[in-house]
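What you see is a predicted model, and the numbers here were worked out from it, not measured in a lab.
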There are 2 protein chains.
Amino acid sequence: MNKKMKIYEMRANILKAMAHPSRLMMIDAMSKGGEVCVCDLVDLVGSDQSTVSKHLGILKQAGLVEDRKEGQKSFYRLTRPCVMDFFGCIERVMQENLKEQQKVLAER
Amino acid sequence: MNKKMKIYEMRANILKAMAHPSRLMMIDAMSKGGEVCVCDLVDLVGSDQSTVSKHLGILKQAGLVEDRKEGQKSFYRLTRPCVMDFFGCIERVMQENLKEQQKVLAER
DNA sequence: TGGTTACATGGTCATTTTACCATATAGCCA
DNA sequence: TGGCTATATGGTAAAATGACCATGTAACCA
């Protein structure tokens, strides 16, 4: 495929890595806590420990997070906190969606 | 689930809608052309017309695009051009990823 | 009216994603 | 050393995604 397509694939990979509720929750936690251990993320999202670990692997593979081991624990943090900036825009899309649904309900 | 989880699910839906190379290509085209007809998008991405139409349905369902019919054509446009702002950050993640790979290659 | 163009939708199959269980690995401590 | 804690990884089954073909629908035109 052409050069452009490669870029879109790379972008898609990163977006796909973010596009899961549990992973977004973890990203949010990291953006607030700076650095979070796996154990705390397991408590936070409430899934199996292996599931959380795999989610983190996906985020790491995409380059969205880095990890650091200390004793028996692993700590994860965002590599680019700017990813959080996007959610302002996303929230506006969500608002607009709700407004649309309201309109549909109203015009019956 | 709790209230927070709902928000993450909504965010994930929007991100998932964006997380596909063809859809990112179409979003890019709309951000530049303002309004694009399905026929042009079919030429652009090179997939089957039905495939492109379904991709557009996904974007619309997420609230990322709106459509307008004129004659036999449908024109799509971004509802929130701010979605483009994210790619600066994404590109920085991509740059960082490449740098990492370089390092891995170099340190052999 | 009949044919053509533009788009949407239903169906199907292959691929990917996700979750959990079981298990491996590695540090810590008694 | 043996057992416990924290994390990662392999396996598997269910669900979601994506691509194409076939077909439906609506506008336009000869």
Is the shortest heavy-atom distance from the side chain of [X] to the side chain of [Y] under 4.5 Å?
{"X": "F86(A)", "Y": "I90(B)", "result": "no"}
{"X": "L64(A)", "Y": "R80(A)", "result": "no"}
{"X": "V36(B)", "Y": "F75(B)", "result": "no"}

Once you round it to whole Å, what is the distance between [atom2] of [N] and [atom1] of [X]?
{"X": "L24(B)", "N": "dG18(D)", "atom1": "CG", "atom2": "C1'", "value": "15 Å"}
{"X": "L59(A)", "N": "dA8(D)", "atom1": "CG", "atom2": "C1'", "value": "15 Å"}
{"X": "Y76(A)", "N": "dT7(D)", "atom1": "OH", "atom2": "P", "value": "9 Å"}
{"X": "I58(A)", "N": "dT9(D)", "atom1": "CD1", "atom2": "C1'", "value": "13 Å"}
{"X": "K73(A)", "N": "dA8(D)", "atom1": "NZ", "atom2": "P", "value": "13 Å"}
{"X": "H55(A)", "N": "dT9(D)", "atom1": "NE2", "atom2": "C1'", "value": "15 Å"}
{"X": "F75(A)", "N": "dA8(D)", "atom1": "CZ", "atom2": "P", "value": "12 Å"}
{"X": "L56(B)", "N": "dG18(D)", "atom1": "CG", "atom2": "P", "value": "13 Å"}

Would you list the protein and nucleotides 2-4 of chain D atom pairs, both N or O, that sit under 3.5 Å from each other?
none

Considering just the side-chain nitrogens and oxygens of [X], establish if one lies under 4.0 Å of OP1 or OP2 belonging to [N].
{"X": "S74(A)", "N": "dA8(D)", "value": "yes"}
{"X": "S53(A)", "N": "dA8(D)", "value": "yes"}
{"X": "H20(B)", "N": "dA16(D)", "value": "no"}

Checklist entry - Is the closest basic N to carboxylate O distance between R68(B) and E66(B) below 4.0 Å? => result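 Result for this pair is no, no salt bridge flagged.
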Item to check | Ion pair K73(A)/E70(A), N-O distance below 4.0 Å | outcome: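 Salt bridge flag = no for E70(A) with K73(A).
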Next on the checklist: Are more than 12 heavy atoms, taken from residues, nucleotides or ligands other than Q95(A), located less than 6.0 Å from that residue's CD atom?
Outcome noted: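 Atom CD in Q95(A) is not packed in, count stays at 12 or less.
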Next on the checklist: Counting neighbours of CD on Q61(A) that are heavy atoms of other residues, nucleotides or ligands and sit closer than 6.0 Å, is the number greater than 12?
Outcome noted: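 Open.
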Determine whether any donor atom in the side chain of [X] lies under 3.5 Å from an acceptor atom in the base of [N], or the reverse, and answer yes or no.
{"X": "Q49(A)", "N": "dA8(D)", "result": "yes"}
{"X": "K16(A)", "N": "dG18(D)", "result": "no"}
{"X": "S50(B)", "N": "dC21(D)", "result": "yes"}

Checklist entry - Cationic tip of R11(B) within the cone over F87(A)'s six-membered ring, i.e. under 6.0 Å and within 45° of the normal? => result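 Yes, R11(B) sits over the ring of F87(A).
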Item to check | Step-by-step side chain to side chain contact (heavy atoms under 4.5 Å, CB included) determination, Y76(B) to D67(B) | outcome: CA-CA 4 Å; Y76(B) 283 80; D67(B) 63 337; 3.5 Å; yes
Next on the checklist: Tell me whether M84(B) shares a hydrophobic cluster with M94(A), the cluster being built from Ile, Leu, Val, Met, Phe, Trp, Tyr side chains joined at under 4.5 Å.
Outcome noted: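 They do share one cluster, since a chain of ILVMFWY contacts under 4.5 Å joins M84(B) to M94(A).
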Checklist entry - Considering heavy-atom distances to DNA chain C, does G71(A) or S47(A) have its closest nucleotide positioned more toward the 5' end? => result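 Its nearest nucleotide being more 5', the pick is S47(A).
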Item to check | First of D67(B) and K54(A) reached from the 5' end of DNA chain C, by closest nucleotide | outcome: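 Between the two, 5'-proximity favours D67(B).
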Item to check | Span of DNA chain C, from the first to the last nucleotide whose atoms fall under 4.0 Å of chain B heavy atoms | outcome: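 Contacts span dT5(C) to dG11(C), reading 5' to 3'.
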